[in-house]
Engineer: 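Right, I'll just put the structure down here and ask away after.
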Amino acid sequence: MGVDNTNCTNLIFTYGTLKRGFSNHVLLQDLMRTGDAVFKGTYRTVEKYPLVCGPYRVPFLLNMPGSGHRVTGELYAVSSRGLDRVDELEGTSRGHYERHPIKLVPAGNVNDSESENKENEEDLLTCAGGLTCAAEAYYAHKSYEKEMWKRNGRKGFCIYSEKEAKGYVKRKDRPQNLTFLDHIRIFISSPSD
């Protein structure tokens, strides 16, 4: 007996710890088990966006199209119930992240170790014939995104991989006496490494 996934109509682009192999993917695994999420594939952003790390190596996509790189991540279709659970994890009601539209194309045969500066224009040409996908992504909240970009030296990366995640601290292992926004404020006001 299969799981009915017909209620999974919301497309979300994951680029960080919700991806397969990372610590928060357990949420999507739970949602897939209950029929509230379906993995759709590996996708890349059509436009360039800054993807940076903040406090505790937490990844942030910045809603600053034209800066950064075309970002590679995973696309999931989720139900309304699944979307609520991901919104809760991402802290959308607490000012951590904001969910906004993003345009994607299938990643194709893009090698993750490919130079981050190399843009694969063939992907855009191949996918332009109806394969461009409109989804939503969780961006850093606008209240701190510009400072986060500046704090990262206006440099980002094209994929959140094990290399970028090295040093990531799970939520339960972070100091509990401060809110996540407090951690962000401390991070952006501290000098760069």
Engineer: Applying salt bridge (charged side-chain N to carboxylate O under 4.0 Å, His left out), name anything that partners R81, two or more places apart in sequence or on another chain.
Structural biologist: D36
Engineer: Taking ring-ring contact (aromatic ring centres under 6.0 Å, His included) as the cut-off, I'd like each qualifying pair that reaches into residues 33-58, sequence neighbours left out, listed once.
Structural biologist: F39-Y76, Y49-Y139, Y56-H183
Engineer: Take M32 and V78, measure what side-chain contact (heavy atoms from CB on, under 4.5 Å) needs, and give me the verdict at the end.
Structural biologist: CA-CA 9 Å; M32 286 187 279; V78 298; over 6 Å; no
Engineer: Working to the nearest 0.5 Å, report the span between NZ of K40 and CG of L104.
Structural biologist: 13.0 Å
Engineer: Can you name the closest pair of heavy atoms from G16 and P59 and give their distance?
Structural biologist: CA-CG, 3.7 Å
Engineer: Taking the side chain as every heavy atom from C-beta outward, state whether D87 and E90 have any atom pair closer than 4.5 Å.
Structural biologist: no
Engineer: Taking all non-hydrogen atoms of both residues, which atom of C8 and which atom of G35 are closest, and how far apart?
Structural biologist: SG-O, 3.3 Å
Engineer: Is a side-chain donor or acceptor of T42 paired with a backbone partner of E74 at a separation under 3.5 angstrom?
Structural biologist: no
Engineer: Is the backbone of G73 close enough, under 3.5 Å, to the side chain of R44 for a donor and an acceptor to pair up by distance?
Structural biologist: no
Engineer: Using a 4.5 Å cut-off on heavy atoms from C-beta on, say whether the side chain of P50 contacts that of F60.
Structural biologist: no
Engineer: Please tell me whether V169 and L178 are part of a single hydrophobic cluster in this structure, the criterion being side-chain heavy atoms less than 4.5 Å apart.
Structural biologist: no
Engineer: Under the side-chain contact (heavy atoms from CB on, under 4.5 Å) rule, what do E145 and N63 come out as? Steps first, then yes or no, please.
Structural biologist: CA-CA 8 Å; E145 74 179 350; N63 195 1; 3.6 Å; yes
Engineer: side-chain hydrogen bond (donor to acceptor under 3.5 Å, both in side chains) with Y168: which residues, sequence neighbours excluded?
Structural biologist: R174
Engineer: With a 3.5 Å distance limit and no angle check, can you tell me whether S79 reaches the backbone of G82 through a side-chain donor-acceptor pair?
Structural biologist: yes
Engineer: Mind checking the CZ-CD spacing from R20 to Q29? Nearest 0.5 Å is all I need.
Structural biologist: 10.5 Å
Engineer: Supply the members, apart from V26, of the Ile/Leu/Val/Met/Phe/Trp/Tyr cluster built from side-chain contacts under 4.5 Å; use none for a lone residue.
Structural biologist: none
Engineer: With heavy-atom distances below 4.5 Å as the criterion, would you say the side chains of V46 and R70 are in contact?
Structural biologist: no
Engineer: With a 3.5 Å distance limit and no angle check, can you tell me whether R171 reaches the backbone of L89 through a side-chain donor-acceptor pair?
Structural biologist: yes
Engineer: Taking R185 first and then D182, would you say they form a salt bridge - that is, a charged N and a carboxylate O separated by under 4.0 Å?
Structural biologist: yes
Engineer: Would you find a donor on one side and an acceptor on the other, under 3.5 Å apart, between the side chain of N152 and the backbone of C53?
Structural biologist: yes
Engineer: At their closest point, which heavy atom of A140 faces which heavy atom of L62, and how far apart are they?
Structural biologist: CB-CD2, 3.5 Å
Engineer: So L61 and I102, side-chain contact (heavy atoms from CB on, under 4.5 Å) or not? Walk me through it.
Structural biologist: CA-CA 11 Å; L61 187 64; I102 195 164; 3.9 Å; yes
Engineer: Strictly below 4.0 Å, N to O, side chains only: are R99 and E136 in salt-bridge contact?
Structural biologist: yes
Engineer: Drop me the distance from S23's OG to L18's CG, to the nearest 0.5 angstrom.
Structural biologist: 8.5 Å
Engineer: Side chains of T92 and E98: does their closest heavy-atom pair fall under 4.5 Å?
Structural biologist: no
Engineer: Can you tell me which residue pairs pass the ring-ring contact (aromatic ring centres under 6.0 Å, His included) test with a partner in residues 6-38, sequence neighbours excluded?
Structural biologist: F22-Y160
Engineer: Please confirm whether the backbone N or O of S143 pairs with a side-chain atom of H141, one donor and one acceptor, at under 3.5 Å?
Structural biologist: yes
Engineer: Would you indicate whether the side-chain heavy atoms of L75 and C133 approach each other to under 4.5 Å?
Structural biologist: yes
Engineer: One thing to verify: whether E164 and R57 come together as a salt bridge, which I'm taking to mean a side-chain N less than 4.0 angstrom from a carboxylate O.
Structural biologist: no
Engineer: If we only count heavy atoms from C-beta on, is the T45 to V105 side-chain gap below 4.5 Å?
Structural biologist: no
Engineer: Do the side chains of V71 and C158 get nearer than 4.5 Å, heavy atoms only?
Structural biologist: no
Engineer: Nearest 0.5 Å, please: how far is NE2 in H69 from CG in L51?
Structural biologist: 9.0 Å
Engineer: So how far is it from I184 CD1 to E147 CD, rounded to the nearest 0.5 Å?
Structural biologist: 11.0 Å
Engineer: Flag the pair S190 / R151 as yes when at least one side-chain heavy-atom distance between them is below 4.5 Å, and no otherwise.
Structural biologist: yes
Engineer: Whether E88 and R94 form a salt bridge (side-chain N of Lys/Arg under 4.0 Å from carboxylate O of Asp/Glu) is what I want to check.
Structural biologist: yes
Engineer: If you count every heavy atom of other residues, nucleotides or ligands that lies below 6.0 Å from Q176 atom CD, does the total exceed 12?
Structural biologist: yes
Engineer: What distance do K170 atom NZ and N24 atom CG have between them, rounded to the nearest 0.5 Å?
Structural biologist: 8.5 Å
Engineer: Looking at every non-hydrogen atom in both residues, tell me the closest pair between A134 and L11 and how far apart they are.
Structural biologist: O-CD1, 3.6 Å
Engineer: Can you sort out the partners of S80 under side-chain hydrogen bond (donor to acceptor under 3.5 Å, both in side chains), two or more places apart, ordered by chain and number?
Structural biologist: none
